[in-house]
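Counting starts at 1 for both ligands and their atoms, following the listed order. Along the sequence shown, residues carry numbers from 1.
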Amino acid sequence: MKTTISVIKADVGSIPGHVKVPDELLEIAKKSMQEAKEKGTIKSYHVTNCGDDLELIMSHDKGEDSPAIHGLAWETFKKVAALAKKRKYYGAGQDLLVEAFSGNVRGMGPGVAEFEIEERPSEPIIVFMCDKTSPSAFNLPFYKIFADPFNTAGLVIDSKIHDGFRFEVHDVKEGERIFLNCPEELYDLLSLIGLSSRYVIKRVFRRDGAVAAVASTERLSLIAGKYVGKDDPVAIARAQSGFPAVGEILEAFSFPQLVPGWMRGSHRGPLMPVSHEVARPTRFDGPPRVMALGFQVCEGELLGPVDLFGDLSFDLARKRAIEVSEYMRRHGPFEPHLLSPEELEYTTLPDVIKKLKNRFEPIKK
Ligand code: F6R
Ligand code: MG
Ligand code: MG
C-alpha cells in the first residue's frame, strides 16, 4: 500500500526571543492535527519542535503536494500564529510570508519534506529537524549515508545497497536540478554539493527508483528577497532492508560539521545532534542543532517516536560541538566564523555597510 509522509514546518513564534516554541502553541497545533485525523484528512500525526520551529509530521494517503495536506498545515500555522500574536510571543507569524494560501505551502514560507512510499513489510523512517541553520546542512550527512563506505558499511557488505544511490541536487540560485549516480559520479557529486550554499541535495533514490530520503530546500531569503530568519531544514530518511540501517543513518551526524546559521543567520558553527529535551539553542542563539525522531510506519500510521540522538553514544559529538563553538566564537565578527559576503547578502549586514558607501574613494596609484 502507498503512504505519504509529510513533514511541514514553520517558525510562527517562540519564547524567549528565538529559543523555543511555547507549549501552549504546540497544544494548538496538536488540536488542529487531531481534528484533521478525526475528519480523515490525515491518518496519524506527531507535533513537535526543534528550537523555535514548529514541526507537523503527518501520514496520509493523499500523495505529495496535496492541497488538502498543505492547506491543513497552513491553517494550523495560522491558528498557532494568531495565539502567538495575541500573547506577543517573539517572531509571531514570522514564516507565513503571504496572506492568502494558494494550494501549496512551497514558496509561502514553511519548509516541506515529503515522500510517497510503497510500504515495505516493515517500514522504519527517521525524521530530522534542524534549528539555526540552512538546507545545506544535510549535504554532508546525506553524502556520508548514501555514498561513503567509511560511514555506511552496507555499501560494501550488503548486496541490497551495493549498487549505490542516485542523488537529486538542486541549484537553489538558478532553480535547476541535476541527477547524479553514485559511486560512478561521486566526484561530480562532490564538486557540486561541497558548494553547499548553492547546491543542495533534495532527494536520494535507490538505483531501482525507490525514494530513500528527502530534505526541505526552501530558502526564505530567496522567496522574500531579504533576511527573514533561517530556513532551518527538515528531512526524512527510510532505514533498513534495502536502505542504510538506522545506525548508519545516525552515524553521519556523529561529526559536528560546520554549517551556516547560528546568530542572526550570519555565522558558521557546529551542527550538534541533540534530543528534543535540549533542542533549545541558547548560547549566541545556538549552536545549530539537529534532532532525530524514529518511527515505524504501519498501514499508513506512524508508530513512535523514539528520540534517537538522546543516546549517550552522541555525547562525544556534543562535547566536540561545544569545544568547536568555543573556538569559533573567539573569532568574533571575523570570517570564517562570520559567513562570506555572498552568504551575508540576504542578512542585515548590507544595510550597515550601505552607510559607508559614499565615504569610499579611489586608491591613487
Ligand atoms: C537565527 C535567529 C536569531 C536572530 C537574532 C536577532 O536564526 O533567529 O539568531 O537572528 O536573535 O533577532 P532579531 O533581529 O529578531 O532581534
Ligand atoms: Mg525564530
Ligand atoms: Mg529556527
Original post:
Within 45° of the six-membered ring axis of Phe165 and under 6.0 Å from that ring's centre, is NZ or CZ of Arg206 located there?
Top reply: no
Original post:
If you leave out waters, which protein N, O or S atoms are less than 2.8 Å from the Mg ion (ligand 2)?
Top reply: Asp11 OD2, His18 ND1, Asp52 OD2
Original post:
Does a side-chain N-to-carboxylate-O contact under 4.0 Å join Lys173 and Asp171?
Top reply: no
Original post:
With the threshold set at 4.0 Å, does a side-chain nitrogen-carboxylate oxygen contact exist between Glu55 and Lys9?
Top reply: no
Subject >> Under 3.5 Å: N/O of Tyr90 near N/O of ligand 1 >> reply: yes
**OP:** Report yes if Asp52 has an N/O atom closer than 3.5 Å to an N/O atom of ligand 1; otherwise report no.
**Re:** no
**OP:** Write down the atom of Ser32, the atom of Lys79, and the distance for their closest heavy-atom approach.
**Re:** OG-NZ, 3.6 Å
Original post:
Taking all atoms of both residues into account, what is the closest heavy-atom pair of Asn151 and Ile145, and its distance?
Top reply: ND2-CA, 3.7 Å
**OP:** Among the N/O/S atoms of Asp232, select the one at the shortest distance from the Mg ion (ligand 3) and name it.
**Re:** OD2
Original post:
What N/O/S atom of Asp131 gets nearest to the Mg ion (ligand 3)?
Top reply: OD1
Original post:
Going through the checks in order, is the side-chain hydrogen bond (donor to acceptor under 3.5 Å, both in side chains) test met by Asp285 and His18?
Top reply: CA-CA 7 Å; Asp285 286 359; His18 293 280; 5.9 Å; no
Original post:
In terms of the angle between their ring planes, are Phe142 and Phe138 parallel, tilted or perpendicular, with boundaries placed at 30° and 60°?
Top reply: tilted
**OP:** Could you see which bit of Trp262 sits under 4.0 Å from ligand 1, with heavy atoms only: side chain, backbone, both or neither?
**Re:** backbone
**OP:** With heavy atoms under 4.0 Å as the rule, classify the contact between Met263 and ligand 1 as side chain, backbone, both or neither.
**Re:** both
**OP:** Can you sort out which atoms of ligand 1 are near Lys132, meaning under 4.0 Å from one of its heavy atoms?
**Re:** 1 (C), 7 (O)
Subject >> Side chains of Thr3 and Glu299 in contact at under 4.5 Å (non-hydrogen atoms) >> reply: no
Original post:
Can the ring centres of Phe309 and Phe253 be said to be less than 6.0 Å apart?
Top reply: yes
